[in-house]
Amino acid sequence: MITPNDQPDYLGHRERLRQRFLRGGGRDMPDYELLELVLTIAIPRRDVKPLAKKLIGHFGSFADVINADKEELMSFDGVKEATVTVFKIINVAAQRTSWQHLASDDAPIITKLDDLIDYCRSSMCYSDVEEMRLIYLDARLQVLGEEIMQRGTINRVAVHPREVIKLAIQHHAAALIMVHNHPSGDVRPSAADKTMTLQLSEACKTMGVRLMDHLIVSRSDAFSFKEHNLLHEGGNPLIDLLR
């Protein structure tokens, strides 16, 4: 029979970790402790602090661990499919919460651009290839929906204006924001990015849809075509659509 004194030391540590999380909401916990708490859910019968520190040491941060490739994660002793599943649930839950906040807010999307960039970073910037998304907006610049248009190579993604217009009409969109990631981390637009943006802007105009912005995002930076006056428009899109 196992008595309380016979219980492994890590059980008491786990309970103290849980209570500290509940008291402070995790705000005062370093990345390795928050990851350790997550690991206790997936790995119930093991001291997981060494594993948490090893994962943070290898990947760099809590976010990097949660977004890491399945095969690379499972190369670590103790990380099984159940652990990866818990990581991916947390990842998807964070993205869904962020998106639903954007979509349910009555404010125009342009007034909460930082929230949109944060969402795009969490959902796109841990990929090792470029991805293009379209955010569809109504006449009040509120979110109607999003579409993943293309996934490409490490430094290129192709977008066809005809397909963008077709989807915009299906969403009954008055405007849209185009977003793509640069896995390299350098968010400066390439010549191809500028050409694609101009072509799409012109195609949208012919159908009465406004391209509000083209955002290029990385894990730590973002570039707005609108803020750098690269949309080739004659007026302020926000004023034009809201007047």
Side-chain angles (χ1 to χ4, degrees), residues 98-99 102-103 105-125 127 129-153 155-243:
S98 178
W99 173 255
L102 283 171
D105 197 322
D106 290 335
I109 191 70
I110 298 301
T111 66
K112 47 185 178 178
L113 199 58
D114 287 346
D115 290 340
L116 175 60
I117 290 172
D118 286 344
Y119 164 72
C120 292
R121 279 181 179 151
S122 68
S123 59
M124 301 171 66
C125 289
S127 172
V129 297
E130 287 198 14
E131 179 182 294
M132 179 68 69
R133 293 191 183 207
L134 297 174
I135 311 295
Y136 295 102
L137 311 172
D138 64 16
R140 295 186 298 166
L141 303 186
Q142 294 175 351
V143 174
L144 290 171
E146 71 168 339
E147 197 86 37
I148 300 175
M149 287 296 298
Q150 293 283 345
R151 289 188 173 93
T153 65
N155 59 5
R156 186 180 179 189
V157 62
V159 173
H160 303 287
R162 183 185 306 173
E163 290 301 313
V164 174
I165 297 302
K166 177 182 176 182
L167 289 167
I169 292 172
Q170 290 177 356
H171 282 83
H172 305 288
L176 59 88
I177 294 174
M178 179 166 56
V179 189
H180 85 277
N181 62 313
H182 275 183
S184 68
D186 183 356
V187 296
R188 290 174 297 179
S190 65
D193 291 335
K194 294 176 183 178
T195 299
M196 174 183 64
T197 304
L198 177 58
Q199 291 174 345
L200 182 56
S201 178
E202 293 301 318
C204 286
K205 285 179 186 179
T206 65
M207 300 303 296
V209 178
R210 298 293 292 273
L211 178 62
M212 298 299 300
D213 206 345
H214 178 185
L215 300 172
I216 302 175
V217 295
S218 71
R219 297 187 191 184
S220 60
D221 206 357
F223 182 96
S224 164
F225 273 65
K226 178 177 178 292
E227 289 183 355
H228 287 81
N229 298 314
L230 293 176
L231 284 183
H232 304 275
E233 295 197 325
N236 185 310
L238 179 58
I239 294 175
D240 291 346
L241 276 173
L242 295 181
R243 72 172 69 188

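In what follows, every heavy atom counts, from backbone to side chain, and hydrogens, waters and symmetry copies are set aside. Here the structure is a predicted model, which is why all the values come from computation and not from measurement.
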Given side chains that start at C-beta, do those of [X] and [Y] come closer than 4.5 Å, heavy atoms only?
{"X": "I135", "Y": "L176", "value": "no"}
{"X": "V217", "Y": "Y119", "value": "no"}
{"X": "M196", "Y": "M132", "value": "yes"}

Would you confirm whether [X], through its side chain, and [Y], through its main-chain N or O, come within 3.5 Å as a donor-acceptor pair?
{"X": "R210", "Y": "K205", "answer": "no"}
{"X": "D213", "Y": "K226", "answer": "yes"}
{"X": "T206", "Y": "A203", "answer": "yes"}

Qualifying residues under ring pair (Phe, Tyr, Trp, His ring centres under 6.0 Å), relative to H228, sequence neighbours excluded: F223

Qualifying residues under side chain to side chain contact (heavy atoms under 4.5 Å, CB included), relative to S190, sequence neighbours excluded: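 Residues passing side chain to side chain contact (heavy atoms under 4.5 Å, CB included) with S190: A192, D193.
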
By side chain to side chain contact (heavy atoms under 4.5 Å, CB included) - contacts of Q142 (at least two apart): D106, D138, R140

To the nearest 0.5 Å, what is the distance between [atom1] on [X] and [atom2] on [Y]?
{"X": "I216", "Y": "M124", "atom1": "CD1", "atom2": "CE", "answer": "10.5 Å"}
{"X": "I177", "Y": "L134", "atom1": "CD1", "atom2": "CG", "answer": "10.5 Å"}
{"X": "L116", "Y": "W99", "atom1": "CG", "atom2": "CH2", "answer": "7.5 Å"}
{"X": "T197", "Y": "L230", "atom1": "OG1", "atom2": "CG", "answer": "8.0 Å"}
{"X": "M212", "Y": "L137", "atom1": "CE", "atom2": "CG", "answer": "7.0 Å"}

Using the side-chain hydrogen bond (donor to acceptor under 3.5 Å, both in side chains) criterion, which residues pair with [X]? Sequence neighbours excluded.
{"X": "D221", "answer": "none"}
{"X": "S122", "answer": "none"}
{"X": "R219", "answer": "D64"}
{"X": "N181", "answer": "none"}

Step-by-step side-chain contact (heavy atoms from CB on, under 4.5 Å) determination, E130 to H182: CA-CA 6 Å; E130 287 198 14; H182 275 183; 3.4 Å; yes

Whether H214 and F225 hold their rings parallel, tilted or perpendicular, with breakpoints at 30° and 60°: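 Aromatic pair H214/F225 classed parallel.
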
Check against side-chain contact (heavy atoms from CB on, under 4.5 Å), C120 and L215: CA-CA 9 Å; C120 292; L215 300 172; 5.6 Å; no

Audit row: V164, V209, side-chain contact (heavy atoms from CB on, under 4.5 Å) steps and yes/no: CA-CA 10 Å; V164 174; V209 178; over 6 Å; no

For D186, all residues meeting salt bridge (Lys or Arg N to Asp or Glu O under 4.0 Å), sequence neighbours excluded: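 Only R188 meet the salt bridge (Lys or Arg N to Asp or Glu O under 4.0 Å) criterion with D186.
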
Partner set under salt bridge (Lys or Arg N to Asp or Glu O under 4.0 Å) for K112, not counting sequence neighbours: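 Listed in chain order: D105.
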
